[in-house]
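Reviewing the structure listed below.
As the structure lists them, so they are numbered: ligands from 1, and atoms in each ligand from 1. Basis for what follows: all heavy atoms, side chains included, without hydrogens, waters or symmetry-related copies.
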Amino acid sequence: MTLKPLVQAALLLSAVAASAAMAAPQVEVLHYWTSGGEAKSIAELKKMMEAKGVAWKDFAVAGGAGENATTALKARVIAGSAPTAAQIKGPSIQEWGQEGVLANIDAAATEGKWESLLPSVVTKVMKYQGHYVAVPVNVHRVNWLWVNPAVLAKAGAKAPTNFDEFFAAADKIKAAGMVAVAHGGQPWQDATVFESVVLGVGGAAFYDKALVKLDQAALTSPTMVKSFETLGKIKTYIDKDAAGRDWNLATAMVINGKAGMQFMGDWAKGEFTAAGKVPGKDFLCLPAPGTEKSYTFNIDSLAMFKVKSAEEQKAQLTLANAVMSPEFQEVFNLNKGSIPVRSGVSRAKFDSCAIRSMDDMAASSKAGTLEPSMAHGMAIDSAKAGAIQDVIAKFMNSSMTPQAAVQALAKAAKTK
Ligand code: BGC
């Protein structure tokens, strides 16, 4: 009699243990894809993993360009509970590799034949000390200008191809009572506009010298002064409520006709298409003024953290292979506004902006005008990028002169 509750408890315990053993393997993924278009995109990966019998634990940290994600990730890694994977890009992958916390996923790369599907500029970034530790997701182009053609028509303005035309259009939009430039006053958005301006004013070779090689002479040159002058002029076309505004809310201003133009990478296209808008008709994707022949790239990737059990490891490799699959590369990038990073994905379903991105990337690669995005963590280490971003933000939010800005920029570029 007295044994009965004990037996019941034991039965219960073994049932719990059995269900734990049978619980689906799980991956926890840290990302910052929380806007409308972004959330739709990452939902596809969740669906795909669940279809493979792997549970998805979402670790989403809101904040454009991962503004807050890195802090959250550091806290988790220090606490000894890193997620399975996290969105980490460019040179930062090496920084995390040096911490000794990333997992070797060569097995997935071998199985998926990544070496034959990815350009070597990409594989280099995904490896730490010769071993794959990250899987690439897509290619975003940063040097775009998003335009509402109905706003242009209402204002009697023309779609701009260079800065003279841009300011002429901006004047007309402003005079017609609309916001000429949709923007959110956050340091990473300021840096996004800045780098497109540098590319437009100075060209790809100058961009490379200044923002990739951090050449002191280029950073303090008259061309850099002119870039800040141009940025200062753009500032006068931004509305007074821009401080702290999220990028997708700025995009929404272009979508609903409140504003005419936005400098932003093609994750903005994800917002337009999620709102049912059609490129060429409801919105235009134009290379940022003066940057038609160049391409600043931003490659999203998921870096993999060391996990404890063989089961977790297996789920991690499944995740890596899913990301590289043509099915995922197609559906994710259709929603995200980016283009596939690997070869062998059909172009058939991609729209005119994506096709243009694909063609322009190939052409600029041939012409030597394909450049890593400084603002999106592709070009330089995070300490230098942070210091440079601070200077640009200060310029945007004060009466700092272009001359003072170039001096501050050159100093920031020396950050260790
Ligand atoms: C990322 C994109 C993201 C955007 C806005 C960029 O740095 O590469 O994937 O959509 O920031 O958060």
Side-chain angles (χ1 to χ4, degrees), residues 29-45 58-73 85-93 122 125-126 134-144 146 182-196 211 244-252 254 262-274 285 295-303 323 328-329 331-341 353-354 357 361 371-380 382 385-386 388-389 392:
V29 182
L30 179 145
H31 63 88
Y32 43 89
W33 291 320
T34 55
S35 77
E38 291 173 331
K40 260 182 97 175
S41 315
I42 191 68
E44 294 294 341
L45 187 54
D58 208 41
F59 183 3
V61 183
E67 254 185 346
N68 310 318
T70 312
T71 316
L73 178 62
Q87 198 199 346
I88 301 175
K89 310 184 287 183
S92 286
I93 296 173
V122 176
V125 180
M126 301 301 140
V135 59
V137 175
N138 60 3
V139 182
H140 272 301
R141 183 185 199 176
V142 180
N143 61 313
W144 285 118
W146 303 92
H183 182 67
Q186 295 174 344
W188 75 269
Q189 293 187 57
D190 297 340
T192 300
V193 181
F194 171 76
E195 76 171 26
S196 283
L211 299 185
R245 177 190 286 142
D246 286 331
W247 67 273
N248 52 317
L249 300 182
T251 307
V254 180
Q262 182 188 20
F263 289 89
M264 191 46 68
D266 43 21
W267 45 96
K269 197 191 79 184
E271 299 305 297
F272 283 99
T273 51
C285 50
Y295 190 111
T296 37
F297 66 87
N298 169 24
I299 297 172
D300 286 319
S301 48
L302 293 177
V323 168
F328 172 78
Q329 291 278 323
V331 72
F332 180 88
N333 289 307
L334 283 171
N335 285 299
K336 187 71 168 63
S338 39
I339 58 173
V341 65
C353 298
S357 179
M361 187 180 178
E371 295 291 333
S373 165
M374 187 278 299
H376 292 275
M378 292 289 115
I380 52 180
S382 57
I388 287 175
Q389 190 168 288
I392 301 162

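Every atom of ligand 1 with a heavy atom of N298 under 4.0 Å away is listed here by number and element: 1 (C), 6 (C), 7 (O), 8 (O). Below 4.0 Å from some heavy atom of D300 lie the following atoms of ligand 1, by number and element: 1 (C), 2 (C), 8 (O), 9 (O). Residue W33 has at least one heavy-atom neighbour below 4.0 Å for each of these atoms of ligand 1: 2 (C), 3 (C), 9 (O), 10 (O). Here is the list of ligand 1 atoms found below 4.0 Å of a heavy atom in G64: 12 (O).
Rounding to the nearest 0.5 Å gives a distance of 12.0 Å between CG of N335 and CG of N138.
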* To do: List the steps, then state whether side chain to side chain contact (heavy atoms under 4.5 Å, CB included) holds for R141 with F297.
  => CA-CA 5 Å; R141 183 185 199 176; F297 66 87; over 6 Å; no

* To do: Report the C-alpha separation of F332 and W33 in whole Å, then their side-chain angles, then the decisive distance to 0.1 Å, and conclude whether the ring-ring contact (aromatic ring centres under 6.0 Å, His included) test is met.
  => CA-CA 12 Å; F332 180 88; W33 291 320; 5.4 Å; yes

* Test log, rule side chain to side chain contact (heavy atoms under 4.5 Å, CB included), inputs E371 and Y295 -> CA-CA 6 Å; E371 295 291 333; Y295 190 111; over 6 Å; no

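Pairing each heavy atom of T192 with each of A375, the nearest pair is N-CB, 3.8 Å.
Protein heavy atom in closest approach to atom 12 (O) of ligand 1: A65 N, 2.8 Å. Looking only at protein heavy atoms, the nearest one to atom 2 (C) of ligand 1 is K336 NZ, 3.4 Å. Shortest contact from atom 6 (C) of ligand 1 to any protein heavy atom: H376 ND1, 3.5 Å. Nearest non-hydrogen protein atom to atom 3 (C) of ligand 1 is E38 OE2, 3.3 Å.
For the pair K89 and ligand 1, the shortest N or O to N or O distance falls below 3.5 Å.
T251 and Q262 form a side-chain donor-acceptor contact under 3.5 Å, judged by distance and modelled atom types alone. Defined by atom type and a distance below 3.5 Å, a donor-acceptor pair is present between the side-chain atoms of E195 and S373.
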